[in-house]
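Here's the structure we're looking at; comments come further down.
Numbers restart at 1 for each chain; the letters A, B, ... are given by sequence-line order, proteins then strands.
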Amino acid sequence: MRADTLVILDFETTGLSPDQGDRAIEIGAVRLVNGKIKGQFQALMNPGFPVSSFIEDYTGISNSMLSEADSCQQVMTDFSDFIADDNLVAHNVAFDRRFLDAELKRLGKHLNGEFSCSLLLSRRIFQDAPSHKLGELIQFTNIPSSGGFHRALYDAQMTSYLWMAMLDSIAERYGLFDLSFEQIQKLNKTAKKSVDKLLKSWCA
DNA sequence: TGCCAGGCCCTCTTTAGGGCCTT
């Protein structure tokens, strides 16, 4: 059993950089408890300005949908309550963390949980994957998918399945069934060529 | 005026450059 409780999250945003004025437009997240999904959160949020046609096409989230959504302030307040003090995972967490920090900073809130990254872990655990994009990793690991990527809750759900597939792969290959969040963070920071040695060192 | 993200990670590297990943 995996004792860790995690929140796996994904943002859809108006662009790539909160420092350039971009805002979140959707948050999706699932809570994993002992390797099972035990809760979820999804909400659109109105960034206060129109999103580009690129973002409308990329996400399927239209300006019309956003005009009826709650404010970023309201949604992020609710989401902050949802994540509480749990540790957090995202696919390319550097991206999602920038937006999470930026939106919470506007509310005067800060995080207590630690972060880990499914993208960094996948580059180490699935070194043979042709690509480490979320959608292609889902295909690579034969996880069933309806192809609804680029919506926040769907991507968060798929990331959670990928996360469990990576832990299963580690368990299968090394007999390590109960990696701690701290150990996974250490894997995130370990050079690819040294990951095998590190995992073997934990087997004893 | 012109430009516009940032962190990871590899290599033809470390006094750097460029691809990958996220929207």
Nearest-neighbour nucleotide for the A/Arg123 side chain, B/dT23, B/dC20, B/dT22 considered:
B/dC20
Same-atom distance (C1') from B/dG7 to B/dT23, integer angstrom:
16 Å
Relative to each other, are the rings of A/Tyr58 and A/His150 parallel, tilted or perpendicular (30° and 60° limits)?
tilted
Phosphate oxygens OP1/OP2 of B/dC20: is one of them under 4.0 Å from a side-chain N or O of A/His132?
no
So what does A/Asp10 hit on the nucleic acid, given a heavy-atom distance under 4.0 Å: a base, only sugar-phosphate, or nothing?
sugar-phosphate
A/Phe54 has a side chain; which of B/dT23, B/dC4, B/dG7 sits nearest to it?
B/dT23
Should A/Thr59 be listed as having a side-chain N or O under 4.0 Å from OP1 or OP2 of B/dT23?
no
Does A/Arg31 qualify as a cation-pi partner of A/Phe82, given the criterion of NZ or CZ under 6.0 Å from the six-membered ring centre and within 45 degrees of its axis?
yes
Mind checking if A/Ile25 touches a base, just sugar-phosphate, or nothing, with heavy atoms under 4.0 Å?
nothing
Provide the distance between the two P atoms, one in B/dC4 and one in B/dG19, to the nearest whole Å.
15 Å
What does A/Glu12 touch in the nucleic acid at a heavy-atom separation under 4.0 angstrom: a base, only the sugar-phosphate, or nothing?
sugar-phosphate
Between B/dT13 and B/dG17 - P atom distance, rounded Å:
12 Å
Looking at the side chain of A/Leu120, which of B/dT23, B/dC9, B/dC4 is the nearest nucleotide?
B/dC9
Rounded interatomic separation in angstrom, taking NZ from A/Lys193 and C1' from B/dT11:
12 Å
Using atom OH of A/Tyr58 as one end and atom P of B/dC21 as the other, report the distance to the nearest whole Å.
12 Å
Determine the contact category for A/Asp155: base if any of its heavy atoms lies under 4.0 Å from a base atom, sugar-phosphate if only primed atoms, P, OP1 or OP2 are that close, otherwise nothing.
sugar-phosphate
Look at all strands and tell whether A/Arg97 reaches a base, only sugar-phosphate, or nothing, counting heavy atoms closer than 4.0 Å.
nothing
For A/Thr14, report the nucleic acid contact type (base, sugar-phosphate, nothing); a contact means any heavy atom under 4.0 Å.
nothing
Regarding A/Phe99, tell me which of base, sugar-phosphate or nothing describes its non-hydrogen contacts under 4.0 Å with the strands shown.
nothing
Please determine whether the number of non-hydrogen atoms from other residues, nucleotides or ligands lying under 6.0 Å from atom NZ of A/Lys105 exceeds 12.
no
Between B/dT23, B/dT22, B/dA5, which one does the side chain of A/Gln20 approach most closely?
B/dA5
Spacing of the C1' atoms in B/dG18 and B/dT14 (rounded, Å):
15 Å
Nucleotide nearest A/Arg98 (side chain, heavy atoms from C-beta), chosen from B/dC8, B/dA5, B/dT23
B/dA5
Return the minimal non-hydrogen interatomic distance between A/Val75 and A/Leu44, and the atom names on each side.
CG2-O, 3.5 Å
Taking the same atom, C1', in B/dC12 and in B/dA16, what whole-Å distance lies between them?
11 Å
A/Thr13 side chain to A/Asp22 side chain, donor-acceptor N/O pair below 3.5 angstrom:
no
